[in-house]
Amino acid sequence: MRILLLGSGGREHAFAWKIAQSSMLDELFIAPGNAGTRNHGKNLSFSPSDFNAVRKNVIELNIDMVVVGPEEPLVLGIYDYFLRDPELCKIPVIGPSKLGAQLEGSKDFAKQFMHRHNIPTAKYATFTQDSLEDGLKFLANMKGPYVLKADGLAAGKGVLIIQDLEEAQAELTSMLSHAKFGEASQKVIIEQFLTGIELSVFVITDGDSFKLLPEAKDYKRIGEGDTGLNTGGMGAISPVPFADAAFMDKVHNRIIVPTVKGLKQEVIPYKGFIFFGLINVKGDPYVIEYNCRMGDPETEVVIPRLKSDILDLFEGVATNTLSERDIEFYDKSAATVMMVSGGYPENYEKGKPIYGLNAVIESMVFHAGTASDGPSVLTAGGRVLSVTSYGRNLDAALEKTYDSISKISFEGAYFRKDLGFDVL
Ligand code: AMP
Ligand code: GLY
């Protein structure tokens, strides 16, 4: 198969690494990719959301299948774009339809979907500029902390958790009346605050059946002990110790099955990954959010734990035969720690040379934000490298990762040293 993989982060490097191991692969292209993905295929320099460029390259390069990493092209409707085009309509896209991607692209859509299918989630109400006054009253009548969510995509920044009522009211006003998150906050969801520990659960589905992937837990805050600003993710572990069989049974029965069935019942085409952002409230799982793609950095631990050929699974998705495919996992644990640029998630510099990559033998180094300059590798983003290791348990995997990180350096490099602190 000739595969085009869209995206440029650690998630896509992990996908590229895995796809490159497939016996079904003829050639892999990554757009735009990074300095790591070029080791597994050919990088192409166009944006995944530039559908004209995608189209041109798919036709010229005789691509057999397109695998979509990030949410943006999915929410923009790349799946439907392919179906509508006579030259592209036979080429499968791994990812949901535009409507299916609304599970991530609109929090209001996701909430209504969960409501229709009785899927456990925080209680909520939705407000627009016209109902701002009602929203302010709604806040005044509830107890904090106040959870405010911009309805649309806001680059991971659209969720505010606020202790103080007046501050929450000011933020609601700023979101609805002053477009704090642009179009994304034309609608705002106000949600009940849930207390518990979070985890990420993933399935791949062909729209009929699904396969469960290993669960993971990511560490979102910049500071140790989960303090400071939110980031795209500072590391992840898999498996998650508290996700035992009893808990995962509840996730399966109350959340995954009703979601997949609900999509089918509502005739929402969905052939790709579903990411369930869950919270464990006293032993019961609730959905915090859906994403229409794999997680990052979760992919950097989930995909290494997948033993099966990933293209066999993708082919099962494309041909509606996923239920006939075997899926196997490695029993070992995996941990990844993100090395980030100094200053991230606020201002940071790019273009710093990265040293020591070749000295790492015992870990996989997935590039998140890197660029190549001839043979050298430079930092090109906030999150730079995701260093993943296997271990017989999480402690062993983390130890190996921290040992590998000690061999890598770039100016201003920062990483969290406490991964797993809350579950180990
Ligand atoms: P999201 O962008 O939806 O993943 O939300 C970002 C983060 O906000 C989540 O990972 C949670 O830590 C937190 N969060 C979102 N919704 C709630 C909620 N209802 N109760 C408590 N925390 C929440
Ligand atoms: N790690 C969370 C996400 O990918 O959204």
Side-chain angles (χ1 to χ4, degrees), residues 7 9-12 14-15 68-72 74-75 101 103-111 114 119-126 142-163 168 171 181 184-185 188-202 213 215-222 226-238 240 273-282 284-303 336-338 340 345 366 368 382-383 386 419 422:
R11 169 182 50 213
E12 287 75 23
F15 273 135
V68 186
E71 63 277 14
E72 192 181 89
L74 295 167
V75 172
L103 283 184
E104 174 165 3
S106 165
K107 299 210 187 269
D108 186 48
F109 176 93
K111 281 294 201 180
M114 287 187 266
I119 294 167
T121 186
K123 293 197 185 70
Y124 80 107
T126 302
M142 70 190 277
K143 276 196 302 189
Y146 305 93
V147 183
L148 305 185
K149 300 187 172 184
D151 177 56
L153 290 186
K157 298 197 170 68
V159 175
L160 304 177
I161 296 179
I162 301 167
Q163 300 295 329
E171 287 292 354
F181 298 106
S185 63
V188 173
I189 280 86
I190 301 179
E191 219 174 73
Q192 166 201 19
F193 181 83
L194 297 176
T195 305
I197 187 159
E198 288 173 56
L199 84 161
S200 308
V201 169
F202 307 94
L213 298 167
E215 79 285 353
K217 181 172 198 317
D218 81 337
Y219 289 82
K220 289 204 173 87
R221 303 294 194 95
I222 187 74
D226 283 342
T227 54
L229 293 174
N230 244 324
T231 72
M234 296 297 291
I237 56 169
S238 177
V240 179
F273 293 100
I274 313 176
F275 170 156
F276 302 87
L278 305 181
I279 188 163
N280 175 351
V281 182
K282 299 196 183 107
D284 287 321
Y286 287 76
V287 178
I288 290 270
E289 62 166 353
Y290 284 115
N291 293 309
C292 62
R293 50 166 174 88
M294 282 296 290
D296 195 350
E298 289 97 326
T299 305
E300 292 95 299
V301 289
V302 171
I303 290 298
T336 197
V337 174
M338 195 65 79
V340 305
F366 295 121
R383 294 193 294 170
S386 184
L419 253 73
D422 51 346

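What you are looking at is a predicted structure, and each value in this text was computed from that prediction instead of being measured. Starting from 1, each residue takes its place in the sequence as its number. Both ligands and their constituent atoms are indexed starting at 1 by order of listing.
- Put simply, CD on Glu198 and CD1 on Ile288 are 5.0 Å apart, with the number rounded to the nearest 0.5 Å.
- Nearest protein heavy-atom contact of atom 2 (C) of ligand 2 is Asp218 OD2, 3.5 Å.
- Atom CE of residue Met338 and atom OG1 of residue Thr231 lie 8.0 Å apart, to the nearest 0.5 angstrom.
- A ring-centre distance under 6.0 Å is found for Tyr290 and Phe276.
- Ring geometry for Phe273 versus Phe15: interplanar angle of 30 to 60°, hence tilted.
- Residue Gly295 has at least one heavy-atom neighbour below 4.0 Å for each of these atoms of ligand 2: 4 (O).
- Scanning all heavy atoms of the two residues, the minimum distance from Ser386 to Pro297 falls at OG-CB, 4.4 Å.
- If you check the side chains of Thr121 and Lys111, you find a donor sitting under 3.5 Å from an acceptor.
- Backbone and side-chain nitrogen or oxygen atoms of Arg293 are examined, and one is located within less than 3.5 angstrom of a nitrogen or oxygen of ligand 2.
- For ligand 1, the 4.0 Å heavy-atom shell contains residues Lys107, Ala122, Val147, Lys149, Val159, Ile161, Glu191, Gln192, Phe193, Leu194, Glu198, Lys220, Ile288, Glu289.
- Residues passing the side-chain contact (heavy atoms from CB on, under 4.5 Å) test with Asp226, sequence neighbours excluded: Tyr219, Arg221, Arg416, Phe421, Asp422.
- Between Lys220 and ligand 2, a contact under 3.5 Å exists for no N or O pair.
- If you take CZ on Phe275 and CZ on Arg293, they are separated by 6.0 Å, rounding to the nearest 0.5 Å.
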